[in-house]
Chemist: 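Would you mind keeping the following structure in view while I ask a few things?
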Amino acid sequence: MSGLIRLLAILLLAGAALLGAGAALHPMLTGDAAAQLRTIATTPYWRALHLAMLAGSGFIIAGVWVRLVSDHSMAAVLVAALALVSIGIALNALNIAFMAGSGTHMAALFSSGRAEIESVFEATHPIGLMAARFGNFIVALGAAALGWIEWHDATRPRWLAWLAWLAAGGGFIGVLFFDEASRFALAAVGLLSGWEVATAALALRRTVPSNSTR
């Protein structure tokens with residue numbers, strides 16, 4: 001079991017790192033659809049960046065379950081909370097997938113002189129943005145539930161609850177008060193990384209005694 005815990009914890013850390021690096025390296029898409037397509041076309045690592053972020057999303061969806069594997073207390077509620085987080089991250093990843101595939105393809109066509117692609121991008125991009133917005137709302141719901149679980153679990157540090165609630169509160173604010181094109185609308189996924197890293201680190205630390213020889 002300790003091997004599985006380590007694997008899931010490492011996946012969770014890797015996923016948080018990939019999404020964090022992706023957010024840091026992602027160019028701002030400003031202006032109209034034509035300007036955004038030009039930005040995509042002139043960013044040589046655009047597709048690779050979004051493929052890495054997709055991998056990071058997948059790692060988090062798998063790794064977040066280390067919280068259940070390493071501690072079975074309140075299992076029924078914990079399963080529901082982790083399922084919400086996983087579903088929300090998957091929905092958020094739909095926009096990442098759109099940008100890796102259709103966004104890259106449309107930018108190349110636009111750069112080759114296909115001016116009509118601007119209207120296609122303008123009509124289809126909001127689909128991915130709205131999916132990401134809804135995904136972040138679902139993640140915020142899961143984070144709120146995780147905060148409640150962490151607060152009521154006497155074996156867990158109380159600050160883990162605050163990390164989860166920070167992601168929930170910031171996520172709800174971002175989703176409710178910011179346009180889906182704003183990075184603030186993605187606050188739930190971004191802020192939850194604090195809880196993810198802390199949870200993975202605690203899980204790795206708890207596997208050490210079982211592997212030590214005395």
Side-chain angles (χ1 to χ4, degrees), residues 12-13 15-32 36 39 49-50 52-54 56-61 63-65 67 74 77-99 103 122 124-153 156-202:
L12 188 55
L13 288 173
L18 284 172
L19 280 187
L25 295 173
H26 198 291
M28 291 292 294
L29 293 181
T30 57
D32 58 12
Q36 293 180 27
T39 299
L49 177 69
H50 286 80
M53 292 175 72
L54 278 178
S57 299
F59 287 160
I60 291 175
I61 291 171
V64 75
W65 294 93
R67 176 63 179 85
M74 291 185 282
V77 183
L78 186 54
V79 167
L82 295 176
L84 283 173
V85 169
S86 298
I87 292 169
I89 291 174
L91 289 170
N92 179 73
L94 290 176
N95 187 50
I96 301 173
F98 173 86
M99 284 302 193
E122 188 175 29
T124 55
H125 186 202
I127 300 172
L129 291 175
M130 192 58 70
R133 186 185 190 116
F134 182 56
N136 275 260
F137 176 70
I138 300 300
V139 169
L141 288 176
L146 285 174
W148 183 90
I149 293 166
E150 301 287 25
W151 186 264
H152 289 87
D153 188 342
R156 307 281 289 180
R158 286 289 180 90
W159 51 265
L160 281 172
W162 289 112
L163 286 177
W165 282 333
L166 175 64
F172 287 133
I173 291 172
V175 167
L176 295 175
F177 298 105
F178 289 89
D179 184 83
E180 55 267 15
S182 169
R183 290 192 176 185
F184 291 107
L186 309 179
V189 171
L191 291 174
L192 191 62
S193 62
W195 177 88
E196 292 164 0
V197 171
T199 297
L202 284 174

Chemist: Compare every heavy atom of Ala200 with every heavy atom of Leu13, then report the nearest pair and how far apart it is.
Modeler: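 That closest heavy-atom pairing would be CG-CB, 3.5 Å.
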Chemist: Could you tell me the separation between the NE2 atom of His26 and the CG atom of Leu49, rounded to the nearest 0.5 Å?
Modeler: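 Those atoms lie 6.0 Å apart.
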Chemist: Please answer whether the main-chain N or O of Gly31 pairs with a side-chain N or O of Gln36 as donor and acceptor at a distance below 3.5 Å.
Modeler: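 Flag set: sc Gln36 to bb Gly31 pair under 3.5 Å.
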Chemist: Within the 4.5 Å heavy-atom criterion, are Arg156 and Thr199 side-chain neighbours or not?
Modeler: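 Sidechains of Thr199 and Arg156: in contact.
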Chemist: Between Trp65 (side chain only) and Ile61 (backbone N and O only), is there a donor and an acceptor less than 3.5 Å apart?
Modeler: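 Checking the backbone N and O of Ile61 against the side chain of Trp65, a donor-acceptor pair under 3.5 Å is found.
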Chemist: Does Phe134, at its CZ atom, have more than 12 non-hydrogen atoms belonging to other residues, nucleotides or ligands within less than 6.0 Å?
Modeler: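 It does not: Phe134 CZ has 12 such atoms or fewer within range.
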Chemist: Considering the options His125, Glu180, Met130, which one meets the side-chain contact (heavy atoms from CB on, under 4.5 Å) requirement together with Asn95?
Modeler: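 With Asn95 as partner, side-chain contact (heavy atoms from CB on, under 4.5 Å) holds for just one option, His125.
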Chemist: Name the residue from Phe137, Phe177, Phe178 that meets the ring-ring contact (aromatic ring centres under 6.0 Å, His included) definition with Phe172.
Modeler: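 The single option meeting the ring-ring contact (aromatic ring centres under 6.0 Å, His included) with Phe172 is Phe137.
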Chemist: Is it the case that more than 12 heavy atoms not belonging to Phe184 sit under 6.0 Å from its CZ atom?
Modeler: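 Atom CZ in Phe184 is not crowded, with 12 or fewer foreign heavy atoms closer than 6.0 Å.
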Chemist: Is the CH2 atom of Trp151 crowded by more than 12 outside heavy atoms at less than 6.0 Å?
Modeler: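 Yes, CH2 of Trp151 has more than 12 neighbouring heavy atoms, counting only those of other groups under 6.0 Å.
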Chemist: What heavy-atom pair brings Ala16 and Val197 nearest, and what distance separates the two atoms?
Modeler: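 Scanning both residues, the minimum pair turns out to be CB-CG2, 4.1 Å.
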Chemist: Does any N or O in the side chain of Asn136 come within less than 3.5 Å of the main-chain N or O of Asn92, such that one atom is a donor and the other an acceptor?
Modeler: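 Absent.
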Chemist: What verdict does the side-chain contact (heavy atoms from CB on, under 4.5 Å) test give for Ile89 and Ile138, after you've listed the backbone C-alpha separation in whole Å, the side-chain angles of each residue and the deciding distance to 0.1 Å?
Modeler: CA-CA 8 Å; Ile89 291 174; Ile138 300 300; over 6 Å; no
Chemist: First locate atom CG of Leu202, then atom CG of Leu160, and finally report the distance between them rounded to the nearest 0.5 Å.
Modeler: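 The CG atom of Leu202 sits 5.5 Å away from the CG atom of Leu160.
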Chemist: Could you report the tightest heavy-atom contact between Gly142 and Leu84, atom names first, then the distance?
Modeler: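 Taking every non-hydrogen atom into account, CA-CB, 3.8 Å.
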Chemist: Would a 4.5 Å heavy-atom cut-off, applied to side chains only, mark Leu192 and Ile60 as touching?
Modeler: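 A side-chain contact is absent here, since even the closest heavy-atom pair is not under 4.5 Å.
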Chemist: With sequence neighbours left out, what residues match Ala80 under side chain to side chain contact (heavy atoms under 4.5 Å, CB included)?
Modeler: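 Scan of Ala80 (side chain to side chain contact (heavy atoms under 4.5 Å, CB included), adjacent residues dropped) gives none.
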Chemist: I need the full list of side-chain hydrogen bond (donor to acceptor under 3.5 Å, both in side chains) pairs touching residues 163-174, with sequence neighbours left out, sorted by first then second residue.
Modeler: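 The answer is none; no pair qualifies.
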Chemist: Check this for me: Phe59, atom CZ, are more than 12 non-hydrogen atoms of other residues, nucleotides or ligands nearer than 6.0 Å?
Modeler: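 Atom CZ in Phe59 is not crowded, with 12 or fewer foreign heavy atoms closer than 6.0 Å.
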Chemist: For a quick test of reading the model, state the closest non-hydrogen atom pair linking Ala188 to Ala140 and the distance between them.
Modeler: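 Closest heavy-atom pair between Ala188 and Ala140: CB-N, 4.0 Å.
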Chemist: Once you round to the nearest 0.5 Å, how far does CG of Leu54 lie from CG of Leu94?
Modeler: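 Between atom CG of Leu54 and atom CG of Leu94 there are 9.5 Å.
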Chemist: Does Ser193 use its side chain to pair, donor to acceptor, with the backbone of Gly190 at less than 3.5 Å?
Modeler: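 Confirmed, Ser193 side chain pairs with Gly190 backbone.
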Chemist: So, taking the atom named CH2 in Trp159 and the one named CG in Leu163, what distance separates them when rounded to the nearest 0.5 Å?
Modeler: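 The CG atom of Leu163 is 6.0 Å from CH2 of Trp159, to the nearest 0.5 Å.
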Chemist: How close do Met53 and Leu19 get, counting heavy atoms only, and between which atoms?
Modeler: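 Nearest pair, atom of Met53 first, then Leu19: O-CD2, 3.4 Å.
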Chemist: Measure the shortest side-chain to side-chain distance between Met99 and Leu29 over non-hydrogen atoms and say whether it is less than 4.5 angstrom.
Modeler: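 The answer is yes, as the side chains (C-beta and beyond) meet within the 4.5 Å cut-off.
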Chemist: Which atom names give the shortest non-hydrogen contact between Leu186 and Ala132, and what distance separates them?
Modeler: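 Heavy atoms only, the tightest pair is CD2-CB, 3.9 Å.
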